[in-house]
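Accompanying notes for the structure given below.
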Amino acid sequence: MTILGIGLDLVTISEFAEQLERAGTTMLRESFTAGERRYCQSKGTDPARSYAVRWAAKEAVIKAWASSRFARRPQIGDNPYPLIEVVNDAWGRPSIKLHGLAAEFLPRARVHLSLTHDGDTAAAMVVLEDPGELVDLIEGRENPA
């Protein structure tokens with residue numbers, strides 16, 4: 001097992017809510033999956049809180065991914081946000097599901113996620129773990145097996 005990268009992000013919920021309320025904003029549609037939008041909208045009178053913590057999670061994944069690419073060309077593209085989805089299991093525990101290029105470039109990576117919000121702050125911590133040969137794949141080395 002190898003740690004590929006770690007990421008941490010903080011979001012001010014009130015500032016994030018203001019951004020979501022701007023006339024003509026396409027942020028929700030362009031950055032969050034349909035499942036994330038359904039989940040956040042189901043959270044009652046303050047969906048911005050749920051969106052903000054998910055945004056922090058997406059940013060934390062991007063930071064962890066970027067640290068795994070240190071001194072190498074990024075692979076993530078112009079809009080990575082819909083490629084990173086926060087999903088919840090039947091008991092509400094969050095995890096990350098990768099799509100598209102993210103899933104392609106991190107095919108076997110385990111993404112460990114912790115979310116929190118308190119007052120006007122939302123935060124996410126991510127650890128990218130390689131359970132085996134992923135480091136060789138990322139660095140372009142041949143698989144010795």
Side-chain angles (χ1 to χ4, degrees), residues 1-140:
M1 171 187 76
T2 301
I3 301 301
L4 297 173
I6 60 169
L8 172 69
D9 196 63
L10 299 172
V11 175
T12 303
I13 297 169
S14 59
E15 291 176 8
F16 196 81
E18 286 175 18
Q19 187 173 357
L20 294 178
E21 293 169 2
R22 285 191 189 133
T25 186
T26 59
M27 183 180 196
L28 289 180
R29 188 181 70 244
E30 292 178 359
S31 300
F32 294 93
T33 67
E36 287 172 316
R37 293 191 304 269
R38 275 191 305 277
Y39 179 86
C40 293
Q41 294 302 327
S42 77
K43 298 316 275 178
T45 59
D46 193 12
R49 199 169 174 76
S50 293
Y51 280 118
V53 79
R54 276 157 182 71
W55 182 264
K58 291 168 184 273
E59 286 285 326
V61 169
I62 291 167
K63 289 173 182 177
W65 189 352
S67 67
S68 77
R69 301 288 307 155
F70 186 75
R72 291 188 302 273
R73 182 186 248 356
Q75 300 171 310
I76 202 157
D78 292 339
N79 184 15
Y81 301 104
L83 304 178
I84 304 162
E85 181 177 18
V86 179
V87 296
N88 294 82
D89 69 9
W91 296 274
R93 295 175 295 211
S95 65
I96 296 290
K97 183 175 183 181
L98 300 175
H99 302 281
L101 283 176
E104 226 177 276
F105 287 117
L106 298 169
R108 293 176 297 276
R110 291 188 60 203
V111 183
H112 302 275
L113 172 67
S114 181
L115 302 177
T116 189
H117 34 61
D118 184 40
D120 197 33
T121 303
M125 168 74 176
V126 164
V127 176
L128 280 182
E129 174 192 350
D130 170 14
E133 310 132 10
L134 187 57
V135 170
D136 291 333
L137 180 67
I138 287 173
E139 293 182 357

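These values consider heavy atoms only, across backbone and side chains, with no hydrogens, waters or symmetry-generated copies.
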Ala64 versus Val126, closest heavy-atom pair with distance: CB-CG1, 4.0 Å
Partners meeting side-chain hydrogen bond (donor to acceptor under 3.5 Å, both in side chains) with Glu21 (sequence neighbours left out): none
Val11 and Val53, any side-chain heavy atoms less than 4.5 Å apart: no
Listed partners of Thr45 passing side-chain hydrogen bond (donor to acceptor under 3.5 Å, both in side chains), at least two apart: none
For Ala124, side-chain contact (heavy atoms from CB on, under 4.5 Å) partners two or more places apart: Ala56, Ala57, Ala60, Leu113, Leu115
Carboxylate-amine/guanidinium proximity below 4.0 Å for Asp9 and Lys63: yes
Salt bridge (charged side-chain N to carboxylate O under 4.0 Å, His left out): pairs with one or both residues in residues 28-53, sequence neighbours excluded: Glu36-Lys58
Distance in Å, Trp55 CH2 paired with Leu28 CG, rounded so as to fall on 0.5 Å steps: 10.0 Å
Mutual orientation of the aromatic rings belonging to Phe16 and Phe32 [parallel < 30°, tilted 30-60°, perpendicular > 60°]: perpendicular
Output a table of donor-acceptor pairs, distance under 3.5 Å, between side-chain atoms of residues 81-91 and any protein atom two or more places apart or on a different chain; print 'none' if there are none.
from, atom 1, to, atom 2, distance (Å)
Tyr81, OH, Glu59, OE2, 2.5
Glu85, OE1, His99, NE2, 2.7
Glu85, OE2, Thr33, OG1, 2.9
Asn88, OD1, Arg54, NH2, 2.9
Asn88, ND2, Gly92, O, 2.8
Asp89, OD1, Trp91, N, 2.9
Asp89, OD1, Gly92, N, 3.1
Asp89, OD1, Arg93, N, 2.9
Asp89, OD2, Arg93, NE, 2.7
Asp89, OD2, Arg93, NH2, 2.8

Thr25 side chain vs Met27 backbone, donor-acceptor pair below 3.5 Å: yes
Atom of Tyr39, atom of Ser50 and distance for their closest heavy-atom approach: CE2-OG, 4.5 Å
Crowding at CD1, Ile6 (>12 non-hydrogen neighbours, <6.0 Å): no
For Gln41, side-chain hydrogen bond (donor to acceptor under 3.5 Å, both in side chains) partners two or more places apart: Tyr51
Pairs where residues 113-125 contributes a residue and the test side chain to side chain donor-acceptor pair (under 3.5 Å) is met, not counting sequence neighbours: Ser14-Asp120
